[in-house]
Amino acid sequence: MTYRPVHLLHPKKILQKSNRYPRRSLGQNFLVNKGILEKIADAVSENQSSTVFEVGPGLGHLTVLLCELYHNVVAIEKDDLLAKDLQERLKEYDNLTVISQDGINISIEDLIHKFTPDYDVVGNLPFYCATEILFNFLETEPSAQKIIFMFQREVAARLVAKAGTKEYGALTIACDAIADVKPLFKIKAGSFYPKPEVDAEVLCFKPKSEKDRVTPKNRVLLRKILRAAFSARRKTLKNALKNSGIWDDLTNDRCECFSELEKIRPDAIKPSDYFMMAEVLAGKQQGP
Ligand code: SAM
């Protein structure tokens, strides 16, 4: 994609104009690598929806590219001053709406209702809230066409991990229950201002269709199983689930399928087996 040349100052200069500094508490490490910004804009806008929700637009370096590509851009920024400043600096774009609010608490249902059910999501967010906001979007219906989020490398590795690796765990499986995840590209810490301590990675999430995703009710049970299993990931599955009573609930009618799993460690068990356990527990709750 070739972009109309849009000129945005370096983050340091924009902030200096109003005598401000990046706020560490809000994870304000701004992307300054134009090539990377364009790669993110290209990835999110492939087969684009009519609207994109950008969470944490910061100083708007990605936002301007999105405004060039999308019919509607809705940018949600927690820092009030940055939000006000962004609205003012990008006022030439009448397809941009800036909402000054915490992306964790925002009602996604209201956003969809107000704008459109046909949407993509993109975000470069601090670690402390990125996974929570990701899951809020993944769990919302109607779901996004795609979600492109940037994570610090360690978290990205956990989201895409394979069973049997040290990165594999509750986060991997909880995500696999509702979305297909694809790693897109890595970003060196030097591409940000100020430079963070770790590198980052951009991932693409496609929410699974209703028939392929674990149901909301089973996801509650899945979380319970995962909490117990991965708090003792070096034990066998049977021993890890014993204390919480989950093992007895699962096996009290001697379901054959558990004889193979019981001696395996939680981190070697495939997501689909965990989904099956949640299904068995759900069936038992309903009674015979
Ligand atoms: N997207 C911009 C970029 O790539 O240059 C800024 C990225 S910076 C890592 C994270 C941005 O998210 C900051 O602007 C910060 O103020 C904002 N932010 C942090 N926590 C947030 C939250 N809970 N909801 C919405 N925005 C948040």
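First listed ligand is number 1; within each ligand, the first listed atom is number 1. For the single chain, residues carry numbers from 1 onward in sequence order.
In this structure, a donor-acceptor pair under 3.5 Å is absent between the side chains of Gln48 and Asp120. A donor-acceptor contact under 3.5 angstrom links the side chains of Glu54 and Thr63, judged on distance only.
Of all protein heavy atoms, the one closest to atom 19 (C) of ligand 1 is Leu26 O, 3.3 Å. Of the protein's non-hydrogen atoms, the one nearest atom 6 (C) of ligand 1 is Gly56 O, 3.5 Å. Given atom 5 (O) of ligand 1, the protein heavy atom at minimum distance is Leu31 N, 2.9 Å. The protein heavy-atom contact nearest to atom 20 (N) of ligand 1 is Tyr128 OH, 3.1 Å. At the shortest separation from atom 10 (C) of ligand 1 among protein heavy atoms lies Asn124 O, 3.3 Å. Of the protein's non-hydrogen atoms, the one nearest atom 23 (N) of ligand 1 is Asp102 OD1, 2.8 Å.
Between Phe30 and His61, the distance separating the two ring centers is not shorter than 6.0 angstrom.
Residue-level proximity to ligand 1 for Leu37 is absent, since no heavy atom of it falls below 4.0 angstrom. When heavy-atom distances to ligand 1 are checked against a 4.0 Å cut-off, Pro126 comes that close only through its side chain, counted from C-beta outward.
Residue pairs satisfying the ring pair (Phe, Tyr, Trp, His ring centres under 6.0 Å) criterion with at least one member in residues 66-97, sequence neighbours excluded, are absent.
For ligand 1, the atoms sitting less than 4.0 Å from at least one non-hydrogen atom of Phe30 are 5 (O), 6 (C), numbered in the order shown with element in parentheses. In summary, the atoms of ligand 1 found under 4.0 Å from a heavy atom of Ile76, numbered by their order in the structure, are 25 (C), 26 (N). Under a 4.0 Å criterion applied to the non-hydrogen atoms of Gln28, ligand 1 contributes the atoms 13 (C), 15 (C), 16 (O).
Using a 4.0 Å cutoff on heavy atoms, Leu62 does not count as a contact of ligand 1.
Asp199 has its side chain out of reach of Gln152: every pair of non-hydrogen atoms, C-beta onward, lies at least 4.5 Å apart. Phe151 places a side-chain heavy atom less than 4.5 Å from the side chain of Phe149.
The hydrophobic cluster containing Tyr128, built from Ile/Leu/Val/Met/Phe/Trp/Tyr side-chain heavy atoms closer than 4.5 Å, also comprises Leu26.
In this structure a side-chain-to-backbone donor-acceptor pair under 3.5 Å is missing from Arg233 to Gly169.
Rounded to the nearest 0.5 Å, atoms CD (Glu77) and NZ (Lys84) are 13.0 Å apart.
Evaluated by nearest non-hydrogen atom to atom 17 (C) of ligand 1, the leading choice among Met150, Lys78, Glu77 is Glu77. Counting only non-hydrogen atoms, the option in Cys129, Gly103, Gly27 that gets closest to atom 9 (C) of ligand 1 is Gly27.
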